[in-house]
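Below: one structure, written as structure tokens.
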Amino acid sequence: MTTASMAWTPIRLRELSVPNRVWLSPMCQYSADRFGAPTDWHIAHYGSRAAGGVGMVMVECTAVAPDMRTTAQDLGLYTEDQVIGHRRLADAITSIGSVAAIQLGVAGRKSSHGVPWANDGTRNSISPDDGGWQSLAPSPVAFAGLAVPAEMTTKDGTRVLEDIERAARNAHRAGYGAIELHGANGYLLHEFLSPLANHRTDEWGGDPERRMRFPLEMVKAVRAGWPEDKPVLVRLPAADLLAGGLTTDDMALVATRMGEAGVDMIDLVTGALVPEALRVAEPLHNAQYGPRFRTAGVLTAASGMISQARHLDQAIPELVDAVLVGRAMLRDPYWALRALDAEPRASWPKQYHRAF
């Protein structure tokens with residue numbers, strides 16, 4: 001079997017068989033209805049990518065609670081109306097032929113800001129008086145120009161874990177086949193792990209073992225609400241790319257512990273704890289960390305500037321077990337089918353046969 005063909009072979013995650021290893025990365029649309037539920041936009045957007053040949057459609061970061069949204073336009077999974085909307089979305093993705101997955105968001109200090117295309121976007125804090133809310137974080141350290149978060153108490157932590165477990169149960173009820181916890185890009189899980197954001201001196205802060213405690217509880221909360229036969233993924237930073245921040249060795253240990261807690265795959269990114277630590281805009285940069293994380297005993301995936309078919313050949317299987325493609329698929333819903341470069345009549349939707 002050639003390396004090139006490996007991207008288009010199935011992969012098994014617990015009892016879930018995914019038809020190929022080229023997946024849609026979760027890319028926020030900020031287009032939920034006023035109740036936080038998916039709209040016709042989401043059906044059209046994700047349905048077209050499912051028809052475009054990806055093995056898994058990872059629905060965008062979806063909040064586990066109102067105060068864990070990044071914006072007021074985020075999707076949520078904490079009300080019954082939201083579950084109904086997600087069921088419609090998951091059914092559409094699955095019926096077209098892709099695996100429907102969802103990423104759960106716990107935003108932490110990156111909460112309550114504007115949508116990217118409005119004013120200053122993600123640097124524009126929205127106050128409670130203007131429809132925003134008080135954010136929570138391990139320590140009262142602000143992200144960029146956003147509001148200073150409140151330091152989480154034990155009571156807050158218990159509530160967040162309950163929110164995560166509820167959202168996982170709701171994701172199963174909605175019909176999703178896989179679930180990913182967003183633990184990177186400066187979100188709450190990442191904030192607890194990094195000594196640059198976690199300044200606590202209690203059981204949740206200090207040395208790496210204590211900083212890892214609440215993140216592992218977050219993973220266990222997902223597992224508690226999620227069926228044993230369905231896989232759990234976690235998006236993790238491979239490194240902070242900042243002096244004094246998380247190293248790859250630190251994160252390999254985190255991945256090992258998460259595997260022991262029931263995680264099946266680590267989805268690697270880098271940086272983004274603060275704006276100065278921008279993710280490296282180089283294809284396969286994140287995938288390069290894959291071999292180091294395989295020693296943790298979990299499967300690996302990576303996203304990040306994958307835009308050409310040859311990147312798939314270079315990544316799978318030498319570096320990672322699967323790739324998630326984002327921006328390229330925003331530009332072209334059928335990017336995966338073009339990358340496959342197979343006989344169009346055999347691989348493209350039969351409804352499009354006249355195109356060939």
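Treat the numbers as computed from the prediction; the structure is a model and nothing was measured. These numbers come from the heavy atoms of this one structure, side chains and all, not from hydrogens, waters or symmetry mates.
At a threshold of 4.5 Å between non-hydrogen side-chain atoms, the residues L189 and L236 count as touching. Counting heavy atoms from C-beta outward, R327 and M27 have side chains that approach closer than 4.5 Å. L161 has its side chain out of reach of K220: every pair of non-hydrogen atoms, C-beta onward, lies at least 4.5 Å apart. Between I266 and L299 the shortest side-chain heavy-atom distance does not fall below 4.5 Å. When side chains are defined from C-beta on, R14 does not count as touching L16, because their heavy atoms never get closer than 4.5 Å. At a threshold of 4.5 Å between non-hydrogen side-chain atoms, the residues R21 and D321 count as touching. Looking only at side-chain heavy atoms (C-beta outward), H113 and N124 stay at 4.5 Å or farther from each other. Between P19 and V99, some side-chain heavy-atom pair lies under the 4.5 Å cut-off.
A salt bridge links R173 with E80: at least one charged nitrogen is closer than 4.0 Å to a carboxylate oxygen. The residues D202 and R210 are annotated as not salt-bridged, no charged nitrogen and carboxylate oxygen being separated by less than 4.0 angstrom. The pair R200-E203 does not meet the salt-bridge criterion, since no charged nitrogen lies less than 4.0 angstrom from a carboxylate oxygen. Ion pairing between R235 and D267 holds under the 4.0 Å rule for side-chain N and carboxylate O. Between E165 and R169 there is a salt bridge, since a side-chain N of the basic residue sits under 4.0 Å from a carboxylate O of the acidic one. Ion pair D264/R223 flagged as a salt bridge, since at least one NZ, NE, NH1 or NH2 atom sits closer than 4.0 Å to an Asp/Glu carboxylate oxygen.
Contacts classified as salt bridge (charged side-chain N to carboxylate O under 4.0 Å, His left out) and involving residues 128-151 (residues at least two apart or in different chains) are not found. Pairs of residues two or more places apart, or lying in two chains, that qualify as side chain to side chain donor-acceptor pair (under 3.5 Å) and include a residue from residues 96-111 are Q103-E180, S111-W133. Under the ring pair (Phe, Tyr, Trp, His ring centres under 6.0 Å) criterion, the residue pairs touching residues 11-35 are Y30-W117, with sequence neighbours excluded. For residues 79-111, every residue pair satisfying the ring pair (Phe, Tyr, Trp, His ring centres under 6.0 Å) rule, not counting sequence neighbours, is listed here: H86-Y176.
Remark: D67 CG to D163 CG distance equals 7.0 Å, nearest 0.5 Å. A distance of 13.0 Å separates NE2 of H182 from CG of L233, quoted to the nearest 0.5 Å. Atom OG1 in T248 sits 10.0 Å away from atom CG in D240 (nearest 0.5 Å).
Side-chain N or O atoms of T62 include none that pairs as donor or acceptor with a backbone N or O of G76 at under 3.5 Å.
Judged as a side chain to side chain contact (heavy atoms under 4.5 Å, CB included), and not counting sequence neighbours, the contacts of T153 are K155, D156. Applying the side chain to side chain contact (heavy atoms under 4.5 Å, CB included) criterion to D40, with sequence neighbours excluded, gives R88.
Between H285 and Y289, the two ring planes are perpendicular [angle over 60°; tilted spans 30° to 60°].
Residues E191 and L136 come closest through the heavy atom pair OE1-O, 4.4 Å.
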